[in-house]
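We count ligands from 1, going down the list as the structure has it; atoms in each ligand are counted the same way.
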Amino acid sequence: MTRNMLSALSLRPALSPVARRWMSAWPSDKKETGIASERSARRKKVTIQHLHQMRQSGTPIAMVTAYDFPTGRACDSYGADITLVGDSLAQVCLGYDSTTKLTLDEMLHHCRAVARGSKLPFLVADMPFGSYHTSPEEAVRNAVRLVQEGGVEAVKLEGGEEIAPTVRRLTSIGIPVMAHVGLLPQRHTALSGYRVQGKDAASARSVYNSALALEDAGAFSVVLEAIPHILGTHITNKLSVPTIGIGAGPNTSGQVLVWDDLMARWHGHKAKFVRRFADVQTEEMKGVSAYVNAVKTRAFPEVVNESYEMDETEWRQFLEGVV
Ligand code: KIV
């Protein structure tokens, strides 16, 4: 950047609200978007202590995944207790066919965006596949990056008793860990697909023992994915930290759903545990098709309401000066 460019920047006056409009950026004041519900205005920052109190009092915990600034801001504005930058990011946003393809740098990029929007919910990020498996020290290095560069407050790790030493090491240096047991999407190849876990006694015992070992290692919460609801209830009753279920029945301390699933960003196959609470795909289809049609038929933009005017004298002067 040249010195002239720098001085031009420092001399530039602050943008007025009107001038900001043409930038198509999210307004800094949530009231301008109409998304500052009374509820979000009254909310306090969610902490681990708060989550543990919710578990004690039987108040359900709502966790939602977010992948960018707008989804992070929606979690903040509409009452989520925990925002999770899930590694489902790989599939739902980046077009990979598996979470195992996601890199730490990609995760960091999205964490930063979510962190700019999600302030009040407790903010957790998945540690990507391969970023915590070699050694507890490698896990510490990468988790520190997620906290320092990504702006998250805690990390989530998939695995059973074998990752307990890593969970212990991370929590010992003050990085809160959310454990994730049951169906482990990062291990879908070894599990021969995305299958419900804990359906027989031996498998149920293994999920149960994992949850106990990870709580003992210091996890502040445990995600239970795709397990029979009676097992979800049993584990929840035995642990003292909150459980967050996804396909683990109604009696866990809280629930989590992937943003794109709950919003129905697409139709077609859905897992049994998914409920669609909105229909974004239909709205996107309606909006984009209507826009394309309006452009092609020249119905958009209108002259009066959607175009700018120019002073007639200025226009005549302009024409006189051009060939
Ligand atoms: O990556 C993710 O979105 C998750 C949730 C499904 C728990 O881990």
Side-chain angles (χ1 to χ4, degrees), residues 51 60-68 71-72 74-75 80-104 106-111 113-114 118 121-132 143 146 150 152 154-160 163 167 177-188 191 193-197 207 210-211 214 219-227 232 235-236 241-249 252-266 269-277:
L51 296 170
I61 298 168
M63 174 158 115
V64 188
T65 66
Y67 309 106
D68 54 17
T71 51
C75 292
D81 300 302
I82 306 177
T83 301
L84 169 68
V85 191
D87 60 359
S88 45
L89 163 70
Q91 288 151 303
V92 302
C93 288
L94 301 182
Y96 293 130
D97 59 5
S98 157
T99 58
T100 55
K101 306 269 168 66
L102 187 73
T103 67
L104 182 63
E106 287 168 330
M107 185 50 134
L108 281 164
H109 178 74
H110 286 263
C111 285
V114 173
S118 179
F122 193 67
L123 183 57
V124 183
D126 265 319
M127 292 200 73
F129 178 72
S131 69
Y132 57 98
L146 284 164
V152 305
V155 293
K156 178 161 82 61
L157 272 59
E158 292 183 13
I163 62 158
V167 173
V177 175
M178 175 177 268
H180 182 151
V181 303
L183 172 58
L184 308 177
Q186 291 182 358
R187 301 187 193 182
H188 69 96
L191 296 171
Y194 299 90
R195 294 164 184 279
V196 179
Q197 301 295 302
V207 176
S210 294
L214 295 167
F220 75 92
S221 172
V222 180
V223 167
L224 307 175
E225 178 160 359
I227 57 172
I235 295 175
T236 300
V241 297
T243 56
I244 308 291
I246 173 161
T252 49
S253 322
Q255 299 291 331
V256 57
L257 279 180
V258 166
W259 176 276
D260 299 66
D261 287 338
L262 81 91
M263 300 296 278
R265 291 287 313 278
W266 57 78
H269 172 78
K270 74 172 185 61
K272 185 174 184 190
F273 58 75
V274 168
R275 188 185 297 178
R276 291 170 171 153
F277 290 86

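- Proximity to Lys156 (heavy-atom distance under 4.0 Å) selects the following atoms of ligand 1: 4 (C), 8 (O).
- For Ser221 (side chain) and Pro242 (main-chain N/O), a donor-acceptor pair under 3.5 Å exists by modelled atom type.
- At a heavy-atom cutoff of 4.0 Å, ligand 1 is contacted by no atom of Leu89, backbone or side chain.
- Surrounding CZ of Arg187 are more than 12 heavy atoms belonging to other residues, nucleotides or ligands, all under 6.0 Å away.
- Where the criterion is an N or O separation shorter than 3.5 Å, residue side chain and backbone included, Glu158 fails it with respect to ligand 1.
- Heavy atoms of Thr99 stay at 4.0 angstrom or farther from ligand 1.
- Centroid-to-centroid, the aromatic rings of Tyr194 and His188 come within less than 6.0 Å.
- At least one heavy atom of His180 sits closer than 4.0 Å to an atom of ligand 1.
- A distance-only check finds a donor-acceptor pair linking the side chain of Gln255 to the backbone of Gly249 [under 3.5 Å].
- Scanning all protein heavy atoms for the shortest distance to atom 2 (C) of ligand 1 gives Ser88 OG, 3.3 Å.
- Not a single N or O atom of Tyr67, backbone or side chain, sits closer than 3.5 Å to an N or O atom of ligand 1.
- Screening Leu191, Leu224, Val181 against Gln197 for a side chain to side chain contact (heavy atoms under 4.5 Å, CB included) leaves a single residue, Leu191.
- The part of Ile246 lying near ligand 1 is the side chain, judged by heavy-atom distances below 4.0 Å.
- Contact atoms of ligand 1 toward Val258: 3 (O), 6 (C) (distance under 4.0 Å to a heavy atom of the residue).
- Close N/O approach between Glu225 and ligand 1 is not found [any backbone or side-chain N/O within under 3.5 Å].
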Please evaluate residues Leu104 and Phe129 with respect to the criterion side chain to side chain contact (heavy atoms under 4.5 Å, CB included), reporting the C-alpha separation (whole Å), side-chain torsions for both, the decisive distance (0.1 Å), and the verdict. CA-CA 9 Å; Leu104 182 63; Phe129 178 72; over 6 Å; no
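- Close approach to Leu84 involves these atoms of ligand 1, each under 4.0 Å from a residue heavy atom: 4 (C), 5 (C), 7 (C).
- For the residue pair Ser88 and Thr65, the shortest heavy atom distance occurs at OG-CG2, 4.3 Å.
- Put simply, the side chain of Tyr132 never gets that close to the backbone of Val167: no donor and acceptor are under 3.5 Å apart.
- At a heavy-atom distance under 4.0 Å, only side-chain atoms of Thr65, from C-beta outward, approach ligand 1.
- Below 4.0 Å from some heavy atom of Gly86 lie the following atoms of ligand 1, by number and element: 1 (O), 2 (C), 3 (O).
- Looking at Gln91, its side chain never comes within 3.5 Å of a backbone N or O of Leu89 through a donor-acceptor pair.
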